[in-house]
Amino acid sequence: MEGIFYLLATVIILKGLVGVLQGLHYRRYFQREINDVTYSSPALVSVIVPCKGQDFELAQNLQAMLDQDYEDYEVIFVTASDKDSSLPVIHEVVKIFPSRRVKIVRAGFSEGQGEKVNNLIQGIHQSDRKSQVLVFADSDGRPHRLWLKDLLKRLYEPNVGASSGYRWFFPRNGNFASVLRASWNGAIASLLGNHKHNFAWGGSTAIQRLNLKRINLLKYWEHTISDDFSLTEAVHNACLHVHFEPRCLVSSHGDCTWSELLEWSSRQIIITKIYSRSLWKLTFLSEVPFVLFFCWALGKLVWLISTGVSTVNSAIVTVLPLSILIGVVFLLSSIRGFLRWEMVRSLHPEEKECLDRDWWGYLLLAPLVSTLTIYNLIISLFSSTVRWRGVYYDLKSKNEVHIIHDTKKKNR
């Protein structure tokens with residue numbers, strides 16, 4: 001068993017070293033893209049924003065979408081119902097920007113796809129036919145003023161089927177669950193980079209209208225709740241790739257409870273299992289050895305301290321090497337977390353106070369982040385049902401979704 005343990009430790013350390021090297025490479029790419037402020041000629045853009053309910057600081061988020069430093073674009077707010085609680089906020093915000101072209105669309109409900117996907121489809125149908133680019137955004141995100149320009153910067157390059165950013169959570173009060181969510185999400189954000197295996201994120205994605213038919217996007221959206229994974233599959237199947245734009249890491253503000261964190265993170269992993277089985281397997285293979293090592297090593301350390309340490313010499317021989325081993329693995333994960341924290345800090349100087357307050361989450365919580373992911377993976381092994389914005393979906397496959405009309409569940 002000792003041989004297996006040290007073999008596992010060797011694998012984890014090598015993986016950590018590779019992760020640090022990838023983090024340094026990612027930082028170079030990140031800084032290069034941030035410093036590139038060249039923009040292509042502006043195209044007419046339609047920004048489609050599905051809305052449901054009262055997101056945290058919804059008015060500020062919507063104002064950011066209407067106040068873009070971009071010459072010609074329209075914003076389409078889409079709700080499933082004309083009684084949605086977001087509508088009064090939308091109308092009030094629209095009054096602040098009388099010159100902005102805005103449409104408010106009621107999409108209705110669909111039995112074969114998620115509400116958000118249905119909202120996006122109806123938004124596309126209602127968009128200006130002269131729009132050359134369609135942009136998809138989330139109502140809980142707050143983009144910076146150059147977001148549209150940045151998102152379109154490389155959209156016209158050969159073989160780019162879509163351009164995408166990602167979210168970054170900024171806790172308002174910094175409670176433990178919210179900081180853990182930010183750290184968990186940041187680890188996923190670092191998977192994106194200068195390669196052709198990026199996935200689109202539905203809260204910050206742009207696609208040329210002419211590519212809609214080329215990749216047959218609406219067909220991929222017919223029976224799904226995942227707008228972004230389905231869009232990613234459509235782009236890749238058309239032999240195109242998704243460009244990741246670091247400058248389009250969109251701020252998402254607010255806090256969460258432990259129950260909200262567990263539900264949200266488990267939903268991400270269940271959706272990944274259904275719509276990107278290869279990424280789900282890769283997550284499993286990556287996180288299980290890391291958590292196994294930490295549990296095994298800490299168990300050995302406690303056992304040695306409680307049973308095998310009687311003198312200073314015995315402590316040096318038994319406890320010190322194991323402590324150093326644990327420290328090296330922890331240090332490598334902390335370096336990766338520091339690189340993420342540093343990059344976001346350079347991109348969002350306006351969030352300096354929040355990032356400086358929550359630095360410990362990015363540097364110290366890697367073992368807990370992985371433990372949470374293991375919990376999510378276990379949940380996903382036994383369940384394919386998710387709750388999203390108050391609606392329950394039973395995901396039979398990536399091409400079949402059942403909406404659960406259960407009054408008891410809806411009233412939980």
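What you see below is based on every heavy atom in this structure, not just the backbone, and it leaves out hydrogens, waters and symmetry mates.
- Considering CD1 of I215 and NE2 of H236, their distance stands at 10.5 Å, rounded to 0.5 Å.
- In this structure the side chain of L217 never reaches within 4.5 angstrom of the side chain of N211, judged on heavy atoms.
- No donor-acceptor pair closer than 3.5 Å links the side chain of S276 to the backbone N or O of T272.
- W280 and S380 are linked by a side-chain donor-acceptor pair at a separation below 3.5 angstrom, with hydrogens and angles left out of the test.
- A 4.5 Å side-chain heavy-atom check between F290 and V329 finds at least one atom pair inside the cut-off.
- Using a cutoff of 4.0 Å between basic side-chain nitrogens and carboxylate oxygens, D69 and K149 are scored as salt-bridged.
- Residues F244 and W201 keep their aromatic ring centres 6.0 Å or farther apart.
- A salt bridge links R345 with D356: the distance from a Lys NZ or Arg NE/NH1/NH2 to an Asp or Glu carboxylate oxygen falls below 4.0 Å.
- Taking the six-membered ring wherever Trp is involved, the centroid distance between the rings of W258 and F176 falls below 6.0 Å.
- In this structure, W147 has its ring center no closer than 6.0 Å to that of Y73.
- A cation-pi arrangement, defined by a distance under 6.0 Å to the six-membered ring centre and an angle within 45 degrees of its axis, is absent between R340 and Y362.
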Step by step, would you call L339 with Y26 a side chain to side chain contact (heavy atoms under 4.5 Å, CB included)? CA-CA 9 Å; L339 292 173; Y26 183 72; over 6 Å; no
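- Under 4.0 Å is where a charged nitrogen must lie from a carboxylate oxygen, and between D128 and K103 no such pair does.
- Remark: E71 CD is loosely packed, at most 12 non-hydrogen atoms of other residues, nucleotides or ligands lying under 6.0 Å away.
- Proximity of a side-chain donor or acceptor of Q68 to a complementary backbone N or O of L148 within less than 3.5 Å is detected.
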Take W221 and I121 through the test side chain to side chain contact (heavy atoms under 4.5 Å, CB included) and record every step on the way to the result. CA-CA 8 Å; W221 275 356; I121 291 173; 3.7 Å; yes
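- The CG atom of L355 sits 9.0 Å away from the CZ atom of R357 when rounded to the nearest 0.5 Å.
- Side-chain atoms of S333 come within 3.5 Å of backbone atoms of F330 as a donor-acceptor pair (strictly under, hydrogens ignored).
- Distance alone, capped at 3.5 Å, is enough to place a donor-acceptor pair between the H144 side chain and the R247 backbone.
- Considering all non-hydrogen atoms of both residues, L231 and A200 come closest at CD2-CB, 3.8 Å.
- Under the side chain to side chain donor-acceptor pair (under 3.5 Å) rule, Y220 has a single partner from T232, N399, D227, N237, which is N237.
- Checking each of T205, I207, N198 against V242 for a side-chain contact (heavy atoms from CB on, under 4.5 Å) leaves exactly one that passes, namely N198.
- You'll find the side chain of L44 stays beyond 4.5 Å of the side chain of V133, heavy atoms only.
- Residue Y29 comes nearest to G193 through the heavy atom pair CE2-C, 3.7 Å, listed as atom of the first residue, atom of the second, then distance.
- Residues S86 and G53 share a closest heavy-atom pair of CB-O, 3.3 Å.
- Under the 4.5 Å side-chain criterion, counting only non-hydrogen atoms from C-beta, N376 is not in contact with Q268.
- Proximity of R336 to Q22: side-chain heavy atoms (C-beta onward) are nowhere separated by under 4.5 Å.
- Side-chain atoms of S139 and N61 form no donor-acceptor pair, as typed in the model, at a separation below 3.5 Å.
- Judged purely by distance below 3.5 Å, without hydrogens or angles, the side chains of H241 and E157 never pair a donor atom with an acceptor atom.
- A donor-acceptor contact closer than 3.5 angstrom is absent between the side chains of T373 and E287.
- Distance check, rounded to the nearest 0.5 Å: OG1 of T257 to CD of E263 gives 9.0 Å.
- The closest donor-acceptor contact from the side chain of E74 to the backbone of R101 lies at 3.5 Å or more, if one exists at all.
- Counting heavy atoms from C-beta on, the side chains of L279 and F229 come closer than 4.5 Å.
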Report the C-alpha distance between N194 and R28 in whole Å, list the side-chain angles of each, state the deciding distance to 0.1 Å, and finish with yes or no for side chain to side chain contact (heavy atoms under 4.5 Å, CB included). CA-CA 10 Å; N194 187 22; R28 287 194 294 270; over 6 Å; no
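- Enclosure of atom NE2 in H91 by more than 12 non-hydrogen atoms of other residues, nucleotides or ligands within 6.0 angstrom is indicated.
- In this structure, the side chains of V11 and P289 stay at 4.5 Å or more apart for every pair of heavy atoms.
- A side-chain donor-acceptor contact under 3.5 Å links R209 and S127.
- Note on ring orientation: taking the six-membered ring where Trp is involved, the planes of W264 and W184 are perpendicular (angle over 60°, cut-offs 30° and 60°).
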Can you list the steps and then say if L377 with I374 is a side chain to side chain contact (heavy atoms under 4.5 Å, CB included)? CA-CA 5 Å; L377 288 165; I374 294 298; 4.2 Å; yes
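- The main-chain N or O of I225 is found under 3.5 Å from a side-chain atom of Y275 such that the two form a donor-acceptor pair.
- R100 places no side-chain N or O within donor-acceptor distance of the main-chain N or O of I96, the cut-off being under 3.5 Å.
- In this structure, F77 CZ and L62 CG are separated by 4.5 Å, a value rounded to the nearest 0.5 Å.
- Under a 3.5 Å cut-off, the side chain of T79 and the backbone N or O of S81 do form a donor-acceptor pair.
- R106 approaches A80 most closely through the heavy-atom pair CG-O, 3.7 Å.
- Using a 4.5 Å heavy-atom cutoff, the side chains of V135 and S46 are not in contact.
- Ion pair E115/R389 not flagged as a salt bridge, since none of the NZ, NE, NH1 or NH2 atoms sits closer than 4.0 Å to an Asp/Glu carboxylate oxygen.
- Looking at R277, its side chain does come within 3.5 Å of a backbone N or O of K273 through a donor-acceptor pair.
- Atom-to-atom distance recorded for R27:CZ and M343:CE is 8.0 Å, nearest 0.5 angstrom.
- Looking only at atom types and distance, the side chain of S226 has a donor-acceptor partner in the side chain of D228 under 3.5 Å away.
- When atom types are taken as modelled, the side chain of N175 and the backbone of C256 share a donor-acceptor pair closer than 3.5 angstrom.
- Within 6.0 Å of the CD atom in E353, the count of heavy atoms belonging to other residues, nucleotides or ligands does not exceed 12.
- In this structure, the separation between NZ on K396 and CD1 on I274 is 10.0 Å, given to the nearest 0.5 Å.
- For NZ of K153, the number of neighbouring non-hydrogen atoms (other residues, nucleotides, ligands) closer than 6.0 Å is greater than 12.
- Taking both residues in full, the closest heavy atoms of L152 and A206 are given as CD1-CB, 4.0 Å, listed atom of the first, atom of the second, then distance.
- Salt-bridge formation is detected for the pair R142/E57: a Lys NZ or Arg NE/NH1/NH2 atom is positioned less than 4.0 Å from an Asp or Glu carboxylate oxygen.
- Aromatic pair H348/F170: centroids less than 6.0 angstrom apart.
- For K300 and F5, the positive end sits near the middle of the six-membered ring, less than 6.0 Å away and at most 45° from its axis.
- A salt bridge between D255 and R181 is absent, with no side-chain N of the basic residue lying under 4.0 Å from a carboxylate O of the acidic one.
- Of all heavy-atom pairs between V45 and S131, the closest is C-OG, 3.9 Å.
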